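Throughout, protein chains are lettered first and strands after them, A, B, ... in sequence-line order, and every chain is numbered starting at 1. The structure presented is a predicted model; accordingly, all values stated were derived computationally and were not measured. All heavy atoms count here, side chains included; hydrogens, waters and symmetry mates do not.
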Amino acid sequence: MDFTVNILALGIPFSVALLLASLGEMFNQRAGVFNLGCEGIMAMGAFLGMLVPYGAGHGAPVPGTFNVLGLLLAMAVGALLGLLFGLAVVTFRAPQGIAGIGLQMFGVGTAGTLFRHFVGGTQSVPGIDRLPIPVLSDIPFIGPVLFSHNPLVYLTFLLVPAAWYILFRTPWGLRVRASGANPRAADSVGIRVNLVRFQALAVGGALAGLAGAYLSLCQVKMFSDEIIAGRGFIAVALVYFGHWRPLKITGGALLFSFAQALQLAIQGQGIDFPYEFAVMLPYALVIVVLAFSRESLLLGPTALGKPFNREMRT
Amino acid sequence: RPNAAEAAGGAVKIALIIESTVDDKGWCQAMHDGILQAQKELPGRIEYSYSEKMKPVDAGSAVLQYVSQGYHIIIGHGAQYKNLMLEMAEEYPDVTFAFGTSAEIGPENVFTYMPQSEETGYLSGLIAGMTTKKNTVGLVGPVDGGDAARYNRGFVLGVQAVNPKAKIMVAHTGSFADFVKAGEVAETQIKAGADVLTGSSQQALGALRAVADHRDAPIWWVGQDIAQIRITEGYKCIAASSYNYGAVIVSLVAKLDAGVRGGECIPLNFSNGGFVFAFNETLKNMYTGAVEQKVNETLEKFLATPDTLDWSAVDYSKL
Amino acid sequence: MEPNTGKITSLRVEHITKRFPGVLACSDISLSVGEGEVLALVGENGAGKTTLMNILMGLYRPDEGRILINGEETVFRSPGDAFAAGLGMVHQQYMLVANMTVLENIALGYTRAWSPLALDLDMVRARIDEISRKYGLAVDPDAYVWQLSVGEQQRVELVKTLCLGARFLILDEPTSALTPQETDELILLLRKMTRELSIIFISHKLQEVKNLSDKVVILRRGEVVFEGSTADHSSDDIAALMTGREIHLPRNEAPECEGKPALDIRGLKVRSDRGFLAVDGLDLSVCAGEIVGLAGVSGNGQRELAEAINGLREVEEGEILFFGRNIADHSPRDVIDAGMGYIPEERNTEGIVPSFSMKENFILKDAGSPRFSARSFLKLEEIDRNADRLRTEFDIRSPDTDAAAGSLSGGNIQKVILAREISRMPRFLVAVYPTRGLDMGAAEFIHRRLLEKRMEGIGILLISEELEEILDLSDRIAVIFKGRIIGTLDRRTADSRKIGILMAGVRNDEAV
Amino acid sequence: MTKQFKILYRTVLILLAVAAAMLAGALILWTIGADVTKTYSVIIFEPLKNKIQIGEVIIRAIPLTVIALGISVAYRSGIINIGAEGQMAMGIIAATAVALAFPGLPKAVLLPLALTAGAIGGAAWGFIPGLLKAKLHVSELLSTVMLNYIAAQFYTFCLRGPMLDPAEITMGSGTPQSMRLTKAIWLDRLVPGTRIHTGVYIALFLAFTVWLLLWRTSWGYRMRAAGAGERAARYGGIGVAGCLVAAMVISGAFAGLAGAVEVAGVHRRAIEGITGGYGFSGIVVALFGGLHPAGIIPASFFFGLLIVGADMTQRMAGVPANMVLVLQGIIILVIVATRMVLANPYLEDRVRRRYCRLTDRGREE
Ligand SMILES: Nc1ncnc2c1ncn2[C@@H]1O[C@H](COP(=O)(O)OP(=O)(O)OP(=O)(O)O)[C@@H](O)[C@H]1O
Ligand SMILES: Nc1ncnc2c1ncn2[C@@H]1O[C@H](COP(=O)(O)OP(=O)(O)OP(=O)(O)O)[C@@H](O)[C@H]1O
Ligand SMILES: [Mg+2]
Ligand SMILES: [Mg+2]
């Protein structure tokens, strides 16, 4: 019982960074752009997120406003990087996979370089603390699992239905889905496909930036240039797990993180097999689960990865 | 052609090759700081350059470049560079190479060094074992190998020596650098009841940060590196040891002056000053009395006779 | 872009020129359409019709020339502007998002139902309702587009255009995929509409042009070669003006043969992508040396039937006897090796690999055959020789055989497929909508080839919606309805009326 | 006239691109107060200054070529393999296992055996995502990413478990690495004073093989057809699923072989960090090279140049190691974008016409 509560209570905060980034990537891909550079944007977000409170008061406790500023800066620059990516793949029609790898290198490298210059050595910040919700957090089981987390955790899980609503119930979501599924059709009724794609990239970038900042400000509350450690790629993979649907993506992120928490807990309890196999668990589990959940891909963005231009027919 | 002999008495050009960065507050920074300290102790004797984030293949390029620039001592800080160093040593007999961790006796132009980190781990273990109220301690490991493996196993021995009943939670992240995961491990162990934790390699900071996050809870940390006492999270760190590579470098230069260019292993342990240990003064109440006494006794032993711990006997699955 | 709802009394384009790399699509085109007028725009494939219309809709910017609406010059930067001005177009390739519902597809352009945070789908629904009632165009707003037949999609396109407030309709080959009934209905409807709006109507079927239009403009290689009132010219004149030569669509006059059954289908049941039985107990047999035309409203199982025969779709039940051997549920490879030839409906995605060169596409089915490869090494000279031969024999218009097949014109793509399928010396041929969207010249060419094959004693199953085509070519005519053969007619006794009745699902005995 | 325009058009675009790349990099270099000109001159000139550095470039070009070749086979068959990293690791394990198991065998037997083992190891790891996609429609983008992590863990497990260097137990601290492998699997060094090894020949040979496979055999034809037009391929009686799996197996085999060659040619033992991002750079190289061997070879040399040059900057221009990534990232982004712009006939056509109008007017006046 206690064990279960712990796993669940741990898995949820673990999932947030992945979830935010995946939702961002989902918007990119729904609009038809495949952004493998997520990792790089997260790195920049993580760095800038902690830079503000750090700069404000070298490590000393600082008022929360600086943290909020950090989050905002991370999102802003994330959006900016998204637009930069758009310039390459939407305007100049660069192949998206390779450009994504370029963006990933650029983001991770830049974050690391600037970090070395402005901060140096692995650096911790006070960050944003847990905020147990007064009454609710005392409810047995539910309380610790759902209501004793970091504010950003609540925010993220509120973002899931929001993302669903935006994607399926607002004009913008409609435009995004059309631009990713059949850009010509969208264009023929006056939707500016490439503009929509830029917007989606900005949103996706902002979310990826926020994901990074969550890591550096909320989860570990410190930064070093290796902070993202491949989470960006996992986030991209989770979009495929969720077939571009917010709820299924959330399911994937949670599945992964619960498996993570479980695996770590089991290691702690003592295992008589090499720990590497425990570490593999989350990665393997995601593949297996997806393999047995059949899906019609018809609902996905059919024009994913294809640049759009009215005149060019190929 | 560079010639180490010419360096005797003159300026010694030392190049350092590391896997992570010089400011990782861990394994690599320790060596970097050591060299800087040696530079202070031997004014004008040491010219120093380093290459960070050296994957094995990049390390090769770096070495070749350093050789062509006439460096006298090239240090590959990590046993993963062993092969490269030995090969290059063959290729460039006039250059002195050094790598660790290893106790092997290399050819006449190769030094090896071996931090016997189980000693520092053992001290951490003693403190953890005696401090824990819940009889549960956590150990956040990176990859079960290299220096970290020695420290961690030393830690287990330490705990068992003073508190056989204590539950020791061991978990590895599977990476040296992923301190987010290290934080997740620590958080998991704390939730599972651990109230004193330790960790090794640069990722350990993530775990320390997680401990520090329980600001007012009686959850403590024992560090592998004294730097961890000085940082913001230090207020959770009861004590820590660290390598004293300064001494190693100084002795290297001395050996060079004496015309010895390799073929030796330099161990690091308390008895030869290779390690230093320090309590966190601000946490006096945590260790004064039994703990401090036990630690000092043990230190005496270590100073008298090094290399007494059979770390490799520790088997995590038997915990 | 709140549309102004005034009438469009006149639309003129003056000296429009549009170049594409290597192609002069429109050169100095001028034409005008008055209030309530129907202008028919005809011309061979590649004449520039679609391009010109795309310019009108603000999709392309003209290199030169201007557009005047009600006498004043207007510049369209995007289709949005064109809509705002009251123009609306039903495109040659339907512009619908397959994995969204009809409702969503229409909401996509219906900006009045947009507010930043919500999409007023009820408003859209109401609008659709209003329009479909007004023009008697029934559509199911909640159906996904991928579930609709071509005809239904075309109706959706029309409804969409009207919902968006079009007061000037542009229809680019709207009937190329419609059945006679649907076509007639459409023509009637359009005639009704001319009371309140003007129309530009593009078609390769001159009969429709005669029926509907007041004025006709003929394009050739991007230039206006003729402009005049439809009434004064017979469709033969127009055809001649269009192609610059006389066109005689060939007919099948041969005595019907007594070959043994080549393809014999018994109680076939096949599911569609949507899971229902699209082919539901179908019996059909085709003899060697006979052309059986399969008429029917598209979406009655034609596609599924063709795919099942060719091993591309799972067979639920029943037999497909091919020269006595049951090939139901065999792999496409087996079916091909058994001697089946297949001209698929999806010319550009299924018939060819677009990015492959023409010569590579010619060996799509034979890469492994000893003719083109030895010990699995390709025989390049043979492949080249084959390609050159077919290119000249089927006069495929392209610089050389290395041109990417996808960059070829629709008609030429169809010729590539035909050439490959025929040159493989099949024992039988399944041809699905072989001339859809092609001009008369191309259609004539393909008809001739099919008849030749028939004369050589090859059985042909010709699936088509164009009754002329079927009546011209077939020995027997079977009509498919809801996945069953509802009736079979002999060439001599058949006529479009009888067929039409059957297509509507009424049996002979019930009829008359 | 048009000829002259084409040259002008291209040179201008390329100059703009170079300027853009340099500027972007300079911005960051300035912010950290590094010596911009020095940094660039190091990247551009140092790697080609002497044979040692050229050698370093080549030993990076070797695995890049091999992996990129494999990736292009998969890509041409319609599957994007970002799992080369893991496949390479598995190849290293397999090759090392063989070398450790039969230290006694003569070179003529052991070396080919080990390389084959490497290829098989990688192939096995490529087979999984191939099968998952072909049979269960699991996106390779997901499976390959996840399998990379699994492989990485398995790799360390082997190196600190079954394959751990005995010396590491007796006189070391169990650093995950195998013992030094028998000379019998070493690939000889070609040029004294450099690390260039006979892997070069292997890479060139494989490049030729891939060209032969894809463009000269019916197998290659089928795979390319399956990749370029799945529906058409099915229609043409081509077993698409089979092609997918085959392509992934080949792709994996190449990555695995690259790993084996890297061990036999450069490291001579299995160590952590051998794969070091080659899997991802391989994708870049494959696409740079236009998914064609003739393009991949120069592309991998260029990329090797980039890696070595950028890496030298931290020693010769004193910029942080991370700057390497920054510059690589920028250069990748700019190059791919530029190439697409250069290949856009519509833009060129438009510009040409404007240009002509201007020059004509120029003449009139
Ligand atoms: N993406 C493209 N880029 C450049 N030129 C193209 C492109 N696609 C097609 N073309 C050119 O357009 C011509 C035919 O295109 P299109 O699809 O309009 O056929 P068409 O002109 O309608 O004639 P038809 O369909 O009957 O044979 C080809 O000859 C080719 O040169
Ligand atoms: N986007 C494009 N890029 C390049 N060439 C094009 C493009 N669009 C049209 N063309 C070429 O311009 C010419 C006119 O094409 P268009 O589609 O307007 O002919 P069309 O009269 O509509 O033919 P169809 O009867 O087959 O519809 C053709 O040669 C076509 O290949
Ligand atoms: Mg057209
Ligand atoms: Mg056409």
Side-chain angles (χ1 to χ4, degrees), chain B residues 15 18-23 49-62 64-69 78-84 86-88 91-92 99-105 112 114-118 142-151 153 172 174-176 265 311-312, chain D residues 46-47 49-50 52-53 55-57 59-60 63 149 152-153 155-157 159-161 164-165 167-181 189 192-195 262 266-278 307-308 311-312 314-316 318 320-322 324-325:
Chain B
I18 50 177
E19 179 110 39
S20 111
T21 57
V22 294
D23 49 19
S49 158
Y50 60 82
S51 293
E52 296 175 310
K53 292 184 179 279
M54 288 287 106
K55 292 185 241 87
V57 62
D58 302 331
S61 322
L64 286 169
Q65 202 182 348
Y66 282 132
V67 169
S68 63
Q69 292 173 347
Q80 66 270 34
Y81 300 122
K82 165 166 141 189
N83 206 43
L84 181 68
L86 291 173
E87 243 176 50
M88 291 295 174
E91 198 116 352
Y92 304 102
F99 68 90
T101 60
S102 169
E104 294 170 56
I105 301 302
T112 56
M114 167 58 82
Q116 293 163 332
S117 300
E118 63 273 20
V143 170
D144 188 14
D147 188 61
R150 286 182 89 121
Y151 173 87
R153 285 179 165 72
H172 291 86
S175 141
F176 286 103
C265 170
W311 61 280
S312 53
Chain D
E46 285 302 327
K49 260 209 176 132
N50 56 43
I52 294 183
Q53 298 309 338
E56 290 305 304
V57 172
I59 64 161
R60 281 172 180 77
Y149 290 95
Q153 288 306 316
Y155 189 75
T156 20
F157 159 71
L159 290 195
R160 60 167 203 95
L164 181 59
D165 179 357
E168 279 297 320
I169 303 170
T170 52
M171 343 191 47
S173 51
T175 303
Q177 61 182 318
S178 78
M179 62 184 270
R180 192 174 209 200
L181 300 175
R189 297 270 154 97
T194 73
R195 299 199 285 167
E262 200 62 1
V266 179
H267 304 292
R268 276 94 191 260
R269 76 166 77 197
I271 328 169
E272 292 264 19
I274 291 183
T275 58
Y278 278 129
I307 298 174
V308 174
D311 175 52
M312 290 171 96
Q314 71 164 311
R315 283 182 290 283
M316 308 190 69
N322 275 311
V324 178
L325 283 176

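Here the side chain of D:Gln177 pairs a donor or acceptor atom with the backbone of B:Ala79 at under 3.5 angstrom. A donor-acceptor contact shorter than 3.5 Å is absent between the side chain of D:Arg315 and the backbone of B:Tyr66. Put simply, the side chain of D:Glu272 never gets that close to the backbone of B:Gln80: no donor and acceptor are under 3.5 Å apart. Checked by atom type and distance alone, the side chain of B:Arg150 pairs as donor or acceptor with a backbone atom of D:Gly172 at under 3.5 Å.
Between D:Asp311 and B:Met54, the shortest heavy-atom contact is OD1-CE, 3.3 Å. Across every non-hydrogen atom of B:Ser61 and D:Arg60, the tightest pair is OG-NH2, 2.8 Å. The two residues D:Pro176 and B:Gly145 come nearest to each other via the heavy atoms CD-CA, 4.3 Å. When all heavy atoms are compared, the tightest approach of D:Ala167 to B:Lys82 is CB-NZ, 3.9 Å. Between D:Ala321 and B:Lys53, the closest heavy-atom pair is CB-CD, 4.0 Å. For the pair D:Arg195 and B:Val57, the tightest heavy-atom approach, listed with the atom from each and the gap, is NH2-O, 2.8 Å.
In this structure, chain B has a heavy atom under 4.5 Å from the side chain of D:Asp165, while its backbone stays farther away. If you measure heavy-atom distances from B:Ser312 to chain D, you find no contacts under 4.5 Å at all. For B:Val143, the part sitting under 4.5 Å from any heavy atom of chain D is the side chain, from C-beta outward, and nothing else. Neither the backbone nor the side chain of D:Leu164 comes within contact range of chain B, judged by heavy atoms closer than 4.5 Å. With a 4.5 Å cut-off on non-hydrogen atoms, D:Tyr155 does not touch chain B at all. Contacts between B:Asp147 and chain D at a heavy-atom distance below 4.5 Å involve the backbone alone (N, CA, C, O). Contacts of B:Ala62 with chain D are made by both backbone and side-chain atoms, with heavy-atom separations under 4.5 Å.
The CG atom of D:Asn322 sits 8.5 Å away from atom OG1 of B:Thr21, with the distance rounded to the nearest 0.5 Å. Rounding to the nearest 0.5 Å places OG1 of B:Thr101 at 6.0 Å from CD of D:Glu168. To the nearest 0.5 Å, the span separating CG on B:Leu86 from CZ on D:Arg269 amounts to 7.0 Å.
Your options are B:Ile105, B:Asp58, B:Thr112, and the one with the most heavy-atom pairs under 4.5 Å with chain D is B:Asp58. The candidate with the highest count of non-hydrogen atom pairs below 4.5 Å against chain D, out of B:Gly146, B:Ser102, B:Ala149, is B:Gly146. Ranked by heavy-atom pairs under 4.5 Å with chain B, the first of D:Ile59, D:Thr170, D:Thr175 is D:Thr175. When the candidates B:Val22, B:Leu64, B:Leu84 are compared by the number of heavy-atom contacts under 4.5 Å with chain D, B:Leu64 comes out ahead. Of the listed residues (D:Arg160, D:Glu46, D:Gln53, D:Glu262), the one with the most heavy-atom contacts under 4.5 Å to chain B is D:Arg160. Chosen from D:Met316, D:Arg180, D:Gln153, the residue pairing most often with chain B at heavy-atom distances under 4.5 Å is D:Arg180.
We find that D:Arg189 and B:Glu87 are joined by a salt bridge, their nearest charged nitrogen and carboxylate oxygen being less than 4.0 Å apart.
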